[in-house]
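Proteins come first, then strands; the chains are lettered A, B, ... in the order of their sequence lines, and each starts at number 1. Note that these values count all heavy atoms, side chains included, but never hydrogens, waters or copies made by symmetry. Just so it is clear, the structure is predicted and the values come from calculations on it, not from any experiment.
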Amino acid sequence: MASKTITLHVNGEVRTITVRASDTLLFALRGKLGLTGPKPGCLNGDCGACTINVDGWPMKSCLMLAVEAVGKEVVTIEGLHDTPIQRAFVEEFAFQCGYCTPGFIMNCHSLLKQHPDADDRIIKEWLESNICRCTSYIEIEKAVKSVLRKEEPGG
Amino acid sequence: MEVIGKSVIRKDAAEKVTGRAKYTHDYQTGRILSCKMVISPYGHAKIISIDTSNAQKVPGVRAIIAGKHYPLTGEAIRDRPPIAVEKVRYHGEPVALVVADTPGQAKTAADLIKVQYELLPVVNSPTQAFQKGAPLVHEHLGEYKKEEDSHPVPGTNIATLYKIRKGQMDKGWAESETVVEASFSFAPSDHAAMETRCATAEIKPDGTIIIMTSSQAPFMVKRLIADYFGEDMGKIIVHTPLVGGAFGGKASVQLEVLAYLASKAVGGEPVKLLNSREEDIITSPCHIGLDATVKFGADRNGRIRAAEIRYLWDGGAYSDKAVDVTRSGAVDCTGPYDIENLWCDSYCMYTNHPYASPFRGFSHSELSFAIERTMDLLAQKLNMDPLELRYINAIKPGDTTPTRVKLNKSNVGNLRKCIDKLKELFNWDEGIIKEVNKRYVRVKGVSCSWKTSTIDSDAPSGVILTFNRDGSINLMSGVVEIGTGTKTVLAQILAERLKMDVDNIHVRMEVDTQTTPEHWKTVASRGTFMGGRAVLRAAEDVIQQLKEVAACVLKAPKDDLEIADSRVFLRDDPSIGLHFKDIGYGYKYPNGETIGQQIIGRGSYILRHLTHLDPETGAGKPGPEWTVAAYGVEIEFDKRDYTYRLIKACTVVDIGNVMNEKAALGQVMGAMSMGLAFAGRETFYFDELGRVLNPQLRTYRPLRYGENPQYVVGFVETPQLDGPYGARGVGEHGLMGMPGALGNALSNAAGVSLHHLPLIPELVWRAKEAAKNASI
Ligand code: FES
Ligand code: FES
């Protein structure tokens with residue numbers, strides 16, 4: 001199959017890689033850029049373990065082709081550094097095995113940016129796209145809400 | 001206590017929230033070939049031919065393995081060809097392996113392999129398997145190599161039978177005024193850990209076999225591969241990094257064998273085999289199914305006088321760990337109740353379903369559904385409060401278990417206390433049914449459980465401690481970090497014993513079987529107990545060595561020394577002492593002279609007094625202690641369409657001693673979530689060819705965010721004297737009572753008795769219709 005050289009913006013860096021047209025972004029991130037934070041869990045959009053941010057929105061990287069990411073701002077979990085939501089996940093024990101965690105954190109991170117005042121309904125709408133098999137979700141809910149409060153001292 | 005009980009931040013926290021945590025599939029150093037399986041599309045079929053000619057032509061293909069006889073594999077019974085030969089026995093069974101340069105090439109080639117099958121009659125349930133004249137899953141059952149205490153019956157589908165015979169049945173029935181009998185069943189399901197299983201293998205020119213695997217049992221991988229294929233055990237090194245959820249499903253050894261064979265086929269080059277989600281659900285071992293019949297007799301006061309129980313476990317196509325699950329089901333067959341006269345047959349049956357591995361709770365969540373539903377039926381018939389019935393029959397010190405272990409204050413938790421606390425936390429007194437409006441009712445159901453851990457009687461756990469030059473300590477244990485945070489708890493135990501800052505203890509997360517002391521398997525909630533005991537011994541060893549050097553330098557007898565805050569000092573004058581950093585590698589006098597040596601602490605532990613079970617009566621000591629728990633589930637039921645919403649789930653467990661509060665809560669609540677999903681929605685749907693119709697996470701649906709109820713967890717603390725700081729195993733217990741409690745709640749709500757899982761509205765509708773038709 002034909003390969004193509006493309007330039008991607010990932011975690012604030014410009015990276016040039018060679019991909020096949022059919023390579024998913026998840027495959028390229030992990031295999032070509034060594035960013036193994038995004039995880040494969042189903043490869044068909046069911047689990048959310050592969051979630052990253054594309055132009056600020058959560059995206060399941062198994063559902064997007066690498067070539068589609070050209071010209072877009074891609075952020076993986078490796079691109080977050082000591083953010084409030086990461087700290088909250090630690091404090092609230094919102095992970096156990098940690099496999100779903102990068103995807104959940106990227107989803108939460110984007111949620112907090114897009115809806116700094118999210119209510120329960122919005123949080124559910126966003127987070128039900130990811131599966132965590134270890135925690136009870138209560139821990140994740142607490143983590144998200146603790147950051148909401150911090151970002152909105154008045155609310 | 002300083003460190004025990006605190007919500008110490010997990011040692012793996014930083015790497016897990018930054019994406020730096022690495023799991024098996026994340027390691028990709030250098031060139032590694034890809035392996036892809038071809039799997040059986042049928043439950044039971046003869047393999048007529050395998051045509052690999054087109055697949056061979058795909059560029060990059062390095063080897064194709066099909067139709068080859070390898071030594072049979074399996075645990076209690078060696079009944080499983082690693083790659084199917086002659087026939088397939090379950091949907092998903094590996095039929096061929098392709099090794100190629102890239103995953104894409106391997107997949108392309110695998111798709112081009114043509115296998116011709118001839119369908120065979122399918123055994124689609126353990127009850128069917130049990131019938132006379134049922135098709136046979138294994139025609140040569142008598143010829144397999146097996147462990148001494150498994151008893152496959154040639155000419156049948158019985159992989160093994162465990163019997164419990166206790167007391168006198170005729171006496172028991174004579175004393176029973178009220179008798180209930182009921183049957184229950186549910187199909188196999190899956191663990192659905194978020195990380196699919198993955199294994200890599202490489203055979204070096206000198207014969208060293210290096211395996212990396214997402215496993216709960218790396219030491220077992222080493223033993224079994226040596227044993228199956230006659231390899232030198234010392235030449236096998238198994239690495240296990242962090243594991244992305246396991247729940248028992250990664251305690252079986254399967255992909256490792258395939259990766260090893262694949263590597264062998266390409267001259268030992270490194271090969272990786274990663275399950276797709278679909279393969280992870282059907283090809284790799286699943287969560288066992290069960291058909292059960294339970295008969296209880298009680299006297300007029302509600303004391304259970306007799307019980308007759310038959311379990312037919314759906315071991316699937318190969319017996320693997322299902323034999324042990326069946327045994328464990330026999331051992332605790334009654335649930336946590338004192339029943340003097342008892343008869344139980346626990347059968348491990350072969351069927352044409354995916355084969356079973358352990359599942360969190362190891363037979364207990366399954367049998368507990370049957371037992372706890374029966375308890376509610378009995379309470380109904382006796383016209384008694386269901387919690388009261390459980391209370392008066394609750395197991396307690398002085399009673400004996402089904403296998404006649406005498407219980408005492410230490411080896412069993414306090415179930416009555418759990419029930420009392422549940423009543424309070426679950427507002428039991430406000431009644432079982434509360435009308436919301438004409439359409440909705442809020443309804444409660446309860447259950448109880450107990451569990452011992454039936455592990456090998458000689459299962460070891462070891463720990464090594466070494467020092468860094470700054471006086472901090474490295475802790476190495478063979479416990480695998482599967483998500484439970486056990487390695488953090490081990491650090492807490494060490495910190496508590498040495499009275500030091502837990503931040504100065506560094507835990508090695510990865511396990512490799514060459515340099516990490518063995519911990520048998522990370523299963524059965526044994527990590528804290530056994531690993532913890534080993535840590536305490538290693539701590540003792542270190543203390544002695546530290547004091548020896550310090551005694552010399554401080555010119556004081558060892559007895560006068562104490563240890564705290566990384567220092568050894570004089571008991572009566574703590575200002576006179578030495579920091580660990582000055583003695584961890586021997587003490588160097590100003591003139592350069594050095595005494596002492598590098599301090600290495602070692603500790604190990606084996607459970608004591610465990611025995612085999614008597615084949616006729618089951619008598620014997622199968623496990624060290626019984627953790628007990630009581631549960632409640634409240635639902636909001638829609639009387640119009642039989643749907644329901646989970647409102648509240650409650651678990652009160654006797655945990656012995658809380659080691660890390662948030663971690664313990666996380667374990668219990670996470671287990672409840674899994675138990676509610678198992679009870680309420682998760683199952684394999686089979687067609688008549690034994691095919692699993694829902695092997696994807698969109699058709700096989702774990703709980704998602706927002707579908708969860710409110711969780712309430714209560715702890716009772718009856719210390720287990722043998723446990724480290726009194727702790728009891730608790731990783732599984734939140735799960736075990738959920739199917740029973742939800743089943744009871746929904747039965748109460750719908751006004752019909754429900755006997756199957758999952759508890760979906762259609763099941764209620766069927767039961768309602770059946771009841772209607774019966775009354776016409
Ligand atoms: S791997 Fe992308 S959603 Fe599951
Ligand atoms: S922490 Fe294991 S799946 Fe979420």
Side-chain angles (χ1 to χ4, degrees), chain A residues 1 20 22-23 27 30-31 34-47 49 76-82 85-87 89-105 120-121 123-141, chain B residues 7 9-10 12-23 25-28 103-104 191-196 242-247 274 276-278 481-485 660 662-663 665-674 677 696-698 701-708 710-711 734:
Chain A
M1 204 180 292
R20 299 183 310 165
S22 61
D23 283 344
F27 182 82
R30 291 176 55 88
L35 297 170
T36 54
K39 303 291 181 214
C42 68
L43 302 185
N44 63 5
D46 289 342
C47 76
T76 70
I77 181 79
E78 287 92 342
L80 299 195
H81 300 285
D82 202 23
I85 189 65
Q86 286 169 295
R87 287 198 296 268
F89 262 64
V90 172
E91 285 300 321
E92 297 298 341
F93 283 56
F95 67 89
Q96 286 181 26
C97 80
Y99 198 81
C100 71
T101 313
F104 254 108
I105 289 184
D120 281 351
R121 192 186 54 80
I123 299 177
K124 177 170 186 295
E125 202 175 286
W126 278 61
L127 297 191
E128 68 189 2
S129 69
N130 294 46
I131 300 174
C132 176
R133 189 61 159 166
C134 299
T135 73
S136 71
Y137 295 116
I138 301 281
E139 302 89 336
I140 295 175
E141 181 183 347
Chain B
S7 297
I9 295 295
R10 291 176 53 145
D12 46 358
E15 52 173 350
K16 282 185 173 170
V17 300
T18 53
R20 298 295 186 78
K22 282 203 174 190
Y23 304 81
H25 181 46
D26 297 336
Y27 286 84
Q28 29 198 8
H191 310 79
M194 291 318 297
E195 177 204 24
T196 60
L242 295 169
V243 171
F247 318 115
L274 166 72
S276 68
R277 175 56 63 187
E278 292 77 3
E481 183 46 74
I482 52 176
T484 51
N660 180 320
K662 280 193 184 168
L665 285 173
Q667 281 302 300
V668 177
M669 297 197 309
M672 286 160 91
S673 163
M674 195 171 232
Q696 292 194 316
L697 293 175
R698 61 188 57 182
R701 288 179 44 83
L703 236 50
R704 284 180 185 261
Y705 184 98
E707 292 174 330
N708 54 284
Q710 178 203 348
Y711 292 108

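Among B:K662, B:R20, B:K22, the residue with the largest count of heavy-atom pairs under 4.5 Å with chain A is B:K662. Across A:V90, A:I140, A:I131, A:T101, the residue that shares the most heavy-atom pairs under 4.5 angstrom with chain B is A:I131. In terms of non-hydrogen atom pairs under 4.5 Å with chain B, the most contact-rich of A:C132, A:G98, A:P102, A:G37 is A:G98. Listed options B:P702, B:A193, B:S673 were ranked by heavy-atom pairs under 4.5 angstrom with chain A; first place goes to B:P702. Contact count against chain B (heavy-atom pairs under 4.5 Å) is highest for A:E139 among A:H81, A:E92, A:E139.
For A:S129, the part lying near chain B is the backbone, with the side chain staying farther off; criterion is any non-hydrogen pair under 4.5 Å. The parts of B:A192 that come within reach of chain A are both its backbone and its side chain, each placing non-hydrogen atoms under 4.5 angstrom from that chain. The parts of B:I9 that come within reach of chain A are both its backbone and its side chain, each placing non-hydrogen atoms under 4.5 angstrom from that chain. Within the 4.5 angstrom heavy-atom criterion, only side-chain atoms of B:A677, from C-beta onward, approach chain A. The part of B:E278 that comes within reach of chain A is its side chain, from C-beta onward, which places non-hydrogen atoms under 4.5 angstrom from that chain. Heavy atoms closer than 4.5 Å to chain B are found in both the backbone and the side chain of A:I123. Contacts of A:I105 with chain B are made by side-chain atoms alone, with heavy-atom separations under 4.5 Å and no backbone atom involved. Using a 4.5 Å cut-off between heavy atoms, A:P38 does not touch chain B at all. Contacts of B:N708 with chain A are made by side-chain atoms alone, with heavy-atom separations under 4.5 Å and no backbone atom involved. If you measure heavy-atom distances from A:K39 to chain B, the contacts under 4.5 Å come from the side chain alone. With a threshold of 4.5 angstrom between heavy atoms, A:E128 approaches chain B through its backbone and through its side chain. Within the 4.5 angstrom heavy-atom criterion, atoms from both the backbone and the side chain of B:T18 approach chain A. For B:M194, the parts lying near chain A are the backbone and the side chain together; criterion is any non-hydrogen pair under 4.5 Å. For chain B, the nearby parts of A:N44 are the backbone and the side chain; heavy atoms of each come within less than 4.5 Å. Neither the backbone nor the side chain of A:L43 comes within contact range of chain B; no heavy atoms are under 4.5 Å apart. For chain B, the nearby parts of A:E91 are the backbone and the side chain; heavy atoms of each come within less than 4.5 Å.
Using modelled atom types, one side-chain atom of A:Q96 and one backbone atom of B:G666 make a donor-acceptor pair closer than 3.5 Å. Proximity of a side-chain donor or acceptor of A:Y99 to a complementary backbone N or O of A:P40 within less than 3.5 Å is detected. With hydrogens and angles ignored, the 3.5 Å screen pairs a side-chain donor or acceptor of B:E481 with a backbone N or O of B:G485. Remark: the backbone N or O of A:D82 is paired with a side-chain donor or acceptor of A:Q86 at under 3.5 angstrom.
Residues satisfying the salt bridge (charged side-chain N to carboxylate O under 4.0 Å, His left out) criterion with A:D23, sequence neighbours excluded, are A:R20. In this structure B:Q710 satisfies the side chain to side chain donor-acceptor pair (under 3.5 Å) test with no other residue, sequence neighbours excluded.
Atom OG1 of A:T135 sits about 13.0 Å away from atom CZ of A:F93, to the nearest 0.5 Å. Atom CG of B:L665 and atom CD1 of A:I138 lie 11.5 Å apart (nearest 0.5 Å). Atoms CG and CD, on B:L274 and B:E195 in that order, are 8.5 Å from each other to the nearest 0.5 Å.
In terms of heavy atoms, B:H191 sits closest to A:R133 at O-NE, 2.8 Å. In this structure, A:G41 and B:L697 approach most closely via the heavy-atom pair O-CD1, 4.4 Å.
Other residues, nucleotides and ligands contribute over 12 non-hydrogen atoms within 6.0 Å of the CZ atom of B:R698.
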(Q) Go through it in stages, so that I can follow the logic: the residues are B:Y705 and A:N130, the test is side-chain contact (heavy atoms from CB on, under 4.5 Å), and I'd like the CA-CA distance, side-chain angles, deciding distance and then a yes or no. (A) CA-CA 8 Å; B:Y705 184 98; A:N130 294 46; over 6 Å; no
